[in-house]
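So you know, we letter chains A, B, ... as the sequences are listed, proteins then strands, and number each from 1. For clarity, every value in this text was computed on a predicted model and none was experimentally measured.
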Number of protein chains: 2
Amino acid sequence: MSTRLTKMAENREKLIASARRAFAQQGYAAASMDSLTAEAGLTRGALYHNFGDKRGLLAAVVDQIDSEMAAYAKSVGARAGDTWLGLLAEGAAYIEKALDPEVRRIVLLDGPSVLGDPSQWPSQNKCLQSTRNTIEQLIKDGTLKPVDPEAAAMLLNGAALNAALWIASSANPQAMLPKTLEAFNLLASGFLVKG
Amino acid sequence: MSTRLTKMAENREKLIASARRAFAQQGYAAASMDSLTAEAGLTRGALYHNFGDKRGLLAAVVDQIDSEMAAYAKSVGARAGDTWLGLLAEGAAYIEKALDPEVRRIVLLDGPSVLGDPSQWPSQNKCLQSTRNTIEQLIKDGTLKPVDPEAAAMLLNGAALNAALWIASSANPQAMLPKTLEAFNLLASGFLVKG
DNA sequence: CCTGTCACATACGATATGTATGCCACTTGA
DNA sequence: TCAAGTGGCATACATATCGTATGTGACAGG
């Protein structure tokens with residue numbers, strides 16, 4: 001086994017893990033790269049060599065978190081037999097996952113500011129494509145009205161992520177979650193052929 | 001007339017205007033306060049005296065832009081005789097206004113990162129309250145299903161603002177706008193008692 | 001006319017990012 | 001096995017920005 005490459009991969013993982021903690025707790029701007037790397041037992045030299053700059057590091061962290069969210073949402077959606085219910089379940093899963101402070105801070109707040117519009121990220125784009133495919137299938141089924149699949153997927157995803165931000169900063173998140181999910185399902189049902 | 005206070009107000013406006021340009025063109029993080037204030041014919045001394053810190057300046061800028069958006073949306077909504085159509089028109093107005101690069105960069109991207117969840121901002125809160133009132137009225141009318149008004153208002157606003165980001169970064173914004181508006185209206189109609 | 005206050009300017013210190021350079025371990029080829 | 005070279009990472013430096021602490025000049029009030 002090539003010791004060289006595996007050690008590099010390990011260091012990359014260490015840096016990403018350390019950055020994930022730091023970005024979540026202090027925010028992207030306030031997180032110091034010296035502290036980051038020191039906590040990982042490395043220096044900024046390793047960081048710049050692996051990720052180019054601070055933005056690159058954030059991109060790697062966002063990609064990791066986003067992939068985890070997408071995988072979870074997909075698994076939840078697949079568990080619901082019905083395709084339409086699966087779409088709703090995916091939305092609900094996204095909302096619940098985004099209630100994690102780490103996700104909110106890194107993916108929803110700092111991510112767009114530093115990396116630009118989320119719909120252009122590779123990870124989110126993958127998720128949007130998946131939702132889009134589901135919607136296209138439901139339109140062919142005759143379940144949904146002939147709406148633009150891309151726009152519909154984007155609206156659902158955007159509403160879900162935004163909802164998580166709102167719930168988390170509300171006075172009583174536990175109470176708001178079910179109400180919000182109900183409203184979200186109602187909203188999505190606007191695409192249905194028959195209410 | 002008190003020359004003292006009016007001059008201070010003028011300087012505040014000059015700084016906000018200068019910051020608005022700088023934040024829009026370079027982003028919040030990259031915008032230098034020295035350049036900002038120099039362009040306004042002042043120094044950072046004035047800035048810190050008036051706004052406390054860089055965040056305070058951004059808050060003032062965001063509040064100004066947000067107020068302009070809310071006023072425009074409200075006027076558009078009022079012009080539509082029907083309350084329900086007014087709600088849709090307000091949403092459309094928000095989407096269109098958010099297509100302005102200045103709004104996107106400052107309010108949608110940097111704002112949340114620096115100031116936190118938008119639904120907690122005084123300006124956005126005002127807008128949410130307005131939408132919430134409209135929705136409550138429509139529920140009493142029997143036009144809308146008995147959904148939680150706060151959650152519904154938040155979902156509509158979030159979807160609209162997110163849609164603007166998406167449209168702007170799409171390959172052909174002019175073509176995406178009508179499709180998105182159609183999908184948005186369909187989505188909102190999920191709250192209607194009868195489709 | 002004199003004095004005090006206040007809005008703003010100036011000077012300073014701390015800290016963070018990005019780059020350029022150097023070093024050492026590991027890989028590679030004979 | 002050994003020697004040369006590559007490259008991953010550490011170190012040192014230059015630059016720039018924020019926030020604070022202090023100074024100053026003009027306007028307001030008596």
Side-chain angles (χ1 to χ4, degrees), chain A residues 1-62 105-106 110-111 113-116, chain B residues 1-62 105-106 110-111 113-116:
Chain A
M1 88 168 54
S2 48
T3 307
R4 195 78 175 231
L5 291 177
T6 56
K7 181 153 246 167
M8 191 175 177
E10 284 174 18
N11 284 343
R12 272 183 59 94
E13 277 310 307
K14 274 196 241 176
L15 287 173
I16 290 179
S18 186
R20 200 166 154 165
R21 277 194 298 273
F23 290 163
Q25 287 171 7
Q26 318 168 25
Y28 173 81
S32 160
M33 301 174 79
D34 279 319
S35 308
L36 267 192
T37 51
E39 193 189 356
L42 297 166
T43 69
R44 281 183 327 172
L47 200 157
Y48 278 95
H49 193 75
N50 279 288
F51 301 100
D53 59 354
K54 202 180 181 183
R55 273 187 58 173
L57 180 61
L58 178 64
V61 171
V62 162
R105 179 77 250 179
I106 299 179
D110 287 337
S113 173
V114 180
L115 305 176
Chain B
M1 87 164 59
S2 48
T3 306
R4 196 74 176 233
L5 291 178
T6 56
K7 180 152 246 167
M8 191 176 177
E10 284 174 17
N11 284 342
R12 273 182 58 93
E13 278 309 308
K14 273 196 242 174
L15 287 173
I16 291 179
S18 185
R20 200 166 153 165
R21 277 193 298 271
F23 289 163
Q25 287 172 7
Q26 319 170 25
Y28 172 80
S32 160
M33 300 174 79
D34 279 320
S35 307
L36 268 193
T37 51
E39 194 188 355
L42 296 165
T43 69
R44 281 185 329 183
L47 200 157
Y48 279 95
H49 192 76
N50 279 288
F51 301 99
D53 58 354
K54 201 179 181 183
R55 272 187 57 173
L57 180 60
L58 178 63
V61 171
V62 163
R105 177 78 250 179
I106 299 179
D110 288 336
S113 173
V114 179
L115 305 175

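- Closest approach to the Lys54(B) side chain among dG19(D), dC9(D), dT17(C) is made by dG19(D) (side chain taken as heavy atoms from C-beta onward).
- Atom CD in Gln26(A) sits roughly 13 Å away from atom C1' in dA16(C) (whole-Å rounding).
- Proximity of a side-chain donor or acceptor of Ser18(B) to a complementary backbone N or O of Leu36(B) within less than 3.5 Å is detected.
- Rounded to whole Å, atom C1' of dC18(D) lies 17 Å from atom CZ of Phe51(B).
- The separation between Met8(A) atom CE and dA25(C) atom P is 18 Å, rounded to whole Å.
- Between dG8(D) and His49(A), a contact under 4.0 Å exists linking OP1 or OP2 to a side-chain N or O.
- Between Asn11(A) and dC9(D) there is a side-chain N or O to OP1 or OP2 distance below 4.0 Å.
- Checking side-chain atoms of Thr6(A) against main-chain N and O of Thr3(A) turns up a donor-acceptor pair under 3.5 Å.
- Rounded to whole Å, the distance from CE on Met33(A) to C1' on dA10(D) is 14 Å.
- Among the nucleotides dG18(C), dT10(C), dA28(D), the one closest to any side-chain atom of Tyr48(A) is dG18(C).
- For the pair Asp53(B) CG and dA21(D) C1', the interatomic distance rounds to 16 Å; values are reported in whole Å.
- What separates CD of Glu10(B) from P of dA7(C) is a distance of 15 Å, to the nearest Å.
- If you check every strand for non-hydrogen atoms under 4.0 Å, Ala29(B) touches nothing.
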Worked verdict on Leu58(B) versus Ile106(B) for side-chain contact (heavy atoms from CB on, under 4.5 Å): CA-CA 8 Å; Leu58(B) 178 63; Ile106(B) 299 179; 3.9 Å; yes
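- Heavy atoms of Leu47(A) sit nowhere under 4.0 angstrom from any nucleic acid atom.
- To the nearest 0.5 Å, atom CG of residue Leu15(A) and atom CD of residue Glu10(A) are 12.0 Å apart.
- Here the C1' atom of nucleotide dG8(D) and the NZ atom of Lys7(A) are 11 Å apart, to the nearest Å.
- Side chain of Arg105(B) to main chain of Ser113(A): a donor-acceptor pair is present (N/O by atom type, distance under 3.5 Å, no hydrogens or angles).
- Listed nucleotides: dT17(C), dT17(D), dC8(C). Nearest to the side chain of Arg44(A): dT17(C).
- Distance Leu5(A) CG to dG8(D) P: 8 Å, rounded to the nearest Å.
- Considering only side-chain N and O atoms, Asn50(B) lies under 4.0 angstrom from the phosphate OP1 or OP2 of dC8(C).
- Among the heavy atoms of the strands, none lies under 4.0 Å from Ala30(B).
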